[in-house]
Amino acid sequence: MKLEVPPLARIFLLICVIGLVPIALGYGLAPSVTLEALFDISVQGTNHTHIFRAVMGLYFGMVAIWALGAFRRTLTRPALISCAVFMLGLAFGRVLSFLVDGRPHWLLVVYASLEIFFGVVAILILRRLPA
């Protein structure tokens, strides 16, 4: 008997995939353009570009795990765990920065709020999955 991915887990993981793709592209496709326009961050030279493209690659790696978990039942649990760790890890770093560095651009505050929300939802869905 083949176990199907629970619909709630599938929908959640696909929402995370769709949401993360434009953010990943914003960091790495043309960082000197997008980061300057959004956050007034000047990306100059190969080293800066390299770092932001590596971040894009990390985001796409997570997207791949979540997409696989949305369609392969054996990977649903690892996908939800990685989603929770990724989202809450980002949120932790952002909240720490809020406390140490002060309030950033409003969009980064929105990102932090969404990361907390999606991290908690991933945990809640994970707890509801049948063993």
Side-chain angles (χ1 to χ4, degrees):
M1 176 169 125
K2 183 179 177 184
L3 293 175
E4 294 294 320
V5 174
L8 182 60
R10 174 175 285 155
I11 291 167
F12 174 77
L13 288 167
L14 290 175
I15 288 170
C16 290
V17 165
I18 291 166
L20 214 63
V21 167
I23 294 170
L25 291 172
Y27 279 126
L29 187 62
S32 61
V33 175
T34 54
L35 296 174
E36 174 74 32
L38 285 174
F39 306 117
D40 197 28
I41 294 173
S42 177
V43 178
Q44 300 174 357
T46 303
N47 291 339
H48 287 168
T49 303
H50 173 86
I51 290 167
F52 285 110
R53 290 215 168 115
V55 169
M56 178 182 69
L58 174 63
Y59 275 51
F60 279 135
M62 299 310 297
V63 162
I65 292 170
W66 302 341
L68 289 169
F71 295 102
R72 293 189 183 169
R73 179 64 175 100
T74 57
L75 296 176
T76 302
R77 186 172 295 279
L80 288 167
I81 291 168
S82 69
C83 182
V85 170
F86 182 79
M87 295 292 184
L88 294 174
L90 287 172
F92 172 79
R94 291 187 198 279
V95 170
L96 178 63
S97 179
F98 296 165
L99 297 172
V100 173
D101 306 316
R103 188 178 175 110
H105 187 278
W106 67 267
L107 185 55
L108 298 174
V109 175
V110 171
Y111 284 176
S113 301
L114 289 171
E115 290 157 359
I116 292 167
F117 174 77
F118 281 102
V120 169
V121 171
I123 291 169
L124 294 174
I125 294 172
L126 186 61
R127 293 179 63 182
R128 293 182 59 185
L129 279 184

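The figures that follow rest on heavy atoms only: side chains count, while hydrogens, waters and symmetry mates do not.
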Open item on the list: If hydrophobic clusters are built by linking Ile, Leu, Val, Met, Phe, Trp and Tyr wherever their side-chain heavy atoms come under 4.5 Å apart, do F118 and I18 end up in the same one?
Closed with: no
TODO: Check whether W106 and Y27 end up in the same hydrophobic cluster, where Ile, Leu, Val, Met, Phe, Trp and Tyr are linked by side-chain heavy atoms less than 4.5 Å apart.
DONE: yes
TODO: Taking all non-hydrogen atoms of both residues into account, name the closest pair between C83 and C16 and its distance.
DONE: SG-SG, 3.7 Å
Open item on the list: Could you check whether any side-chain heavy atom of R73 comes within less than 4.5 Å of a side-chain heavy atom of P130, counting everything from C-beta outward?
Closed with: yes
Task: Hphob cluster co-occupancy, L38 + F52, side-chain heavy atoms under 4.5 angstrom - done: yes
Open item on the list: Rounded at 0.5 Å granularity, tell me how far CG in L80 sits from CD1 in I65.
Closed with: 11.5 Å
TODO: Measure from the side-chain N and O atoms of R10 to the backbone N and O of A70, and report whether any donor-acceptor pair falls under 3.5 Å.
DONE: yes
Open item on the list: Once rounded to the nearest 0.5 Å, what's the spacing between atom CG of L25 and atom OH of Y59?
Closed with: 12.0 Å
TODO: Mind running side chain to side chain contact (heavy atoms under 4.5 Å, CB included) on I23 and Y111 for me, showing each step along the way?
DONE: CA-CA 10 Å; I23 294 170; Y111 284 176; 3.9 Å; yes
Open item on the list: My understanding is that only residues two or more places apart in sequence, or in another chain, count here; which of them pass side-chain contact (heavy atoms from CB on, under 4.5 Å) with V121?
Closed with: F12, F117, I125
- [ ] Decide if atom CZ of F39 counts as having more than 12 heavy atoms of other residues, nucleotides or ligands within a radius under 6.0 Å.
- [x] yes
Open item on the list: Quick check: closest heavy atoms across A9 and L129, and the distance to 0.1 Å?
Closed with: CB-CD2, 4.4 Å
Open item on the list: Hydrophobic cluster membership, with links at side-chain heavy-atom distances under 4.5 Å among I/L/V/M/F/W/Y: are V85 and V55 in one?
Closed with: yes
TODO: Please round to the nearest 0.5 Å and tell me the distance separating atom OG of S113 and atom CG of L108.
DONE: 11.0 Å
- [ ] Give the other cluster members for I123, using side-chain heavy-atom distances under 4.5 Å between Ile, Leu, Val, Met, Phe, Trp and Tyr residues; answer none if it is isolated.
- [x] L88
Open item on the list: Show the nearest heavy-atom pair for residues P31 and R53, with the distance to one decimal.
Closed with: CD-NH2, 4.0 Å
Open item on the list: Contact between F60 and V21 at the side-chain level, heavy atoms closer than 4.5 Å - yes or no?
Closed with: yes
Task: Test item: L29 and T34 side chains (from C-beta on) under 4.5 Å apart, heavy atoms - done: no
Open item on the list: List the residues meeting salt bridge (Lys or Arg N to Asp or Glu O under 4.0 Å) with R94, not counting sequence neighbours, and say none if there are none.
Closed with: E115
Task: Qualifying residues under side-chain contact (heavy atoms from CB on, under 4.5 Å), relative to A67, sequence neighbours excluded - done: V17
- [ ] Could you please spell out the steps behind the side chain to side chain contact (heavy atoms under 4.5 Å, CB included) verdict for L126 and R77?
- [x] CA-CA 7 Å; L126 186 61; R77 186 172 295 279; 3.5 Å; yes
TODO: Could you list who else is in L75's hydrophobic cluster, with ILVMFWY side chains joined at under 4.5 Å, directly or through other members?
DONE: L68
Open item on the list: Let me check something: do L20 and L14 share a hydrophobic cluster, defined by ILVMFWY side-chain heavy atoms less than 4.5 Å apart, either directly or through other members?
Closed with: no
TODO: Verify side chain to side chain contact (heavy atoms under 4.5 Å, CB included) between E36 and S42, making sure each step is shown before the conclusion.
DONE: CA-CA 6 Å; E36 174 74 32; S42 177; 4.0 Å; yes
- [ ] Quick one: name the residues clustered hydrophobically with V33, using the 4.5 Å side-chain heavy-atom rule over I, L, V, M, F, W, Y, and just say none if it's on its own.
- [x] none
Open item on the list: Using modelled atom types and a 3.5 Å cut-off, is there a donor and acceptor pairing between side-chain atoms of H50 and backbone atoms of T46?
Closed with: no
Open item on the list: Within a 6.0 Å radius of atom CG on D101, are there more than 12 heavy atoms belonging to other residues, nucleotides or ligands?
Closed with: yes
Task: Between CG on residue L124 and CG on residue L8, distance to nearest 0.5 Å - done: 10.0 Å
- [ ] Grab the two heavy atoms, one from A112 and one from A91, that are nearest each other, plus how far apart they are.
- [x] O-CB, 4.2 Å
Task: Side-chain (R103) to main-chain (F98) donor-acceptor, under 3.5 angstrom - done: no
